[in-house]
Amino acid sequence: MASYKDKKVITIGIVNELTGLSERKIRYYEERGLIFPDRTKRGTRKYSFADIELLMKIADKREEGVQTSEIKKDMMREKRKKDLREEVLRGQINAHFNRQK
């Protein structure tokens with residue numbers, strides 16, 4: 001079961017109110033591939049609390065003068081590190097229990 005933080009149920013208007021970011025800026029971050037809201041059948045964007053936290057981190061970095069392309073590179077680097085950590089951990093658990101992939 002997904003954590004409440006990952007459920008995409010928050011509209012862009014509420015995200016705007018919670019973060020102080022304009023709807024245009026939020027859509028821009030989506031266009032740049034920094035955030036990935038779900039869409040309803042009617043096309044309404046839906047965000048999660050995790051997305052809101054990510055948007056706040058992005059906004060902080062932008063205030064520091066970091067370009068969106070650099071933010072995206074950092075995010076991709078972090079994802080690769082996380083994926084590698086998970087793969088190593090999975091391998092260690094499998095080795096401990098003598099399980100094959």
Side-chain angles (χ1 to χ4, degrees):
M1 180 194 246
S3 166
Y4 78 92
K5 286 181 81 171
D6 297 320
K7 290 185 180 180
K8 304 228 181 205
V9 296
I10 306 166
T11 63
I12 195 168
I14 302 297
V15 173
N16 161 255
E17 288 183 46
L18 291 171
T19 64
L21 297 171
S22 69
E23 291 182 15
R24 177 67 201 119
K25 194 169 279 189
I26 296 166
R27 286 192 291 273
Y28 173 73
Y29 293 150
E30 179 186 357
E31 290 169 11
R32 299 294 293 162
L34 299 175
I35 193 89
F36 303 94
D38 283 352
R39 298 281 185 130
T40 66
K41 290 178 183 175
R42 298 175 110 186
T44 303
R45 291 171 174 86
K46 294 290 187 166
Y47 299 86
S48 67
F49 286 106
D51 291 333
I52 291 170
E53 289 175 358
L54 179 57
L55 281 166
M56 295 308 299
K57 288 178 186 175
I58 292 167
D60 289 344
K61 288 184 182 212
R62 290 291 296 137
E63 282 185 17
E64 294 169 2
V66 180
Q67 298 294 316
T68 55
S69 58
E70 283 302 311
I71 294 170
K72 187 171 183 175
K73 285 178 191 176
D74 289 346
M75 289 170 57
M76 291 172 66
R77 229 182 334 259
E78 286 300 314
K79 181 171 178 1
R80 280 194 299 270
K81 283 183 3 184
K82 181 182 174 197
D83 291 347
L84 181 60
R85 254 185 257 121
E86 288 175 2
E87 187 176 330
V88 167
L89 182 58
R90 204 171 21 256
Q92 290 173 337
I93 291 170
N94 289 341
H96 179 75
F97 291 104
N98 295 319
R99 297 179 71 188
Q100 299 296 319
K101 266 191 167 179

Going only through I, L, V, M, F, W and Y residues with side-chain contacts under 4.5 Å, is there a path from Tyr28 to Ile58? yes
Hydrophobic cluster membership, Leu34 vs Leu18, 4.5 Å side-chain cutoff: yes
Is there a side-chain contact between Val15 and Leu21, using heavy atoms and a 4.5 Å cut-off? no
About how many Å separate CD1 of Ile26 and CD of Glu23, when rounded to the nearest 0.5 Å? 6.5 Å
Residues Tyr29, Ile71; criterion side chain to side chain contact (heavy atoms under 4.5 Å, CB included); working and verdict: CA-CA 10 Å; Tyr29 293 150; Ile71 294 170; over 6 Å; no
Hey, is Glu78 close enough to Lys82 for a salt bridge, meaning N to O under 4.0 Å? no
With sequence neighbours left out, what residues match Lys61 under side chain to side chain donor-acceptor pair (under 3.5 Å)? none
Hey, are the side chains of Asn16 and Ile12 touching, using non-hydrogen atoms and a 4.5 Å cut-off? no
With sequence neighbours left out, the residues meeting side chain to side chain donor-acceptor pair (under 3.5 Å) with Arg24 are Glu31
Report the residues that fulfil side chain to side chain donor-acceptor pair (under 3.5 Å) with Lys41, sequence neighbours left out, ordered by chain and then residue number. none
Asp83 side, atom CG; Met76 side, atom CE - distance, nearest 0.5 Å: 11.0 Å
Is there a chain of hydrophobic side chains (I, L, V, M, F, W, Y, each step under 4.5 Å between heavy atoms) that links Tyr4 to Leu54? yes
Tell me, which pairs form a salt bridge (Lys or Arg N to Asp or Glu O under 4.0 Å) where one or both residues lie in residues 62-72, sequence neighbours left out? Glu70-Lys73
Under a 4.5 Å cut-off applied to non-hydrogen side-chain atoms, are Leu89 and Glu86 in contact? no
Are Val66 and Leu55 linked, directly or through intermediate hydrophobic residues, by side-chain heavy-atom contacts shorter than 4.5 Å (ILVMFWY only)? yes
The criterion is side chain to side chain donor-acceptor pair (under 3.5 Å); which residues satisfy it with Arg80, sequence neighbours excluded? none
Side-chain heavy atoms nearer than 4.5 Å, only ILVMFWY residues, links allowed to pass through others: does that put Val9 and Met56 together? no
Kindly state each residue pair satisfying side-chain hydrogen bond (donor to acceptor under 3.5 Å, both in side chains) with at least one member in residues 42-60, sequence neighbours excluded. Lys5-Glu53, Lys8-Asp51, Glu30-Arg45, Ser48-Asp51
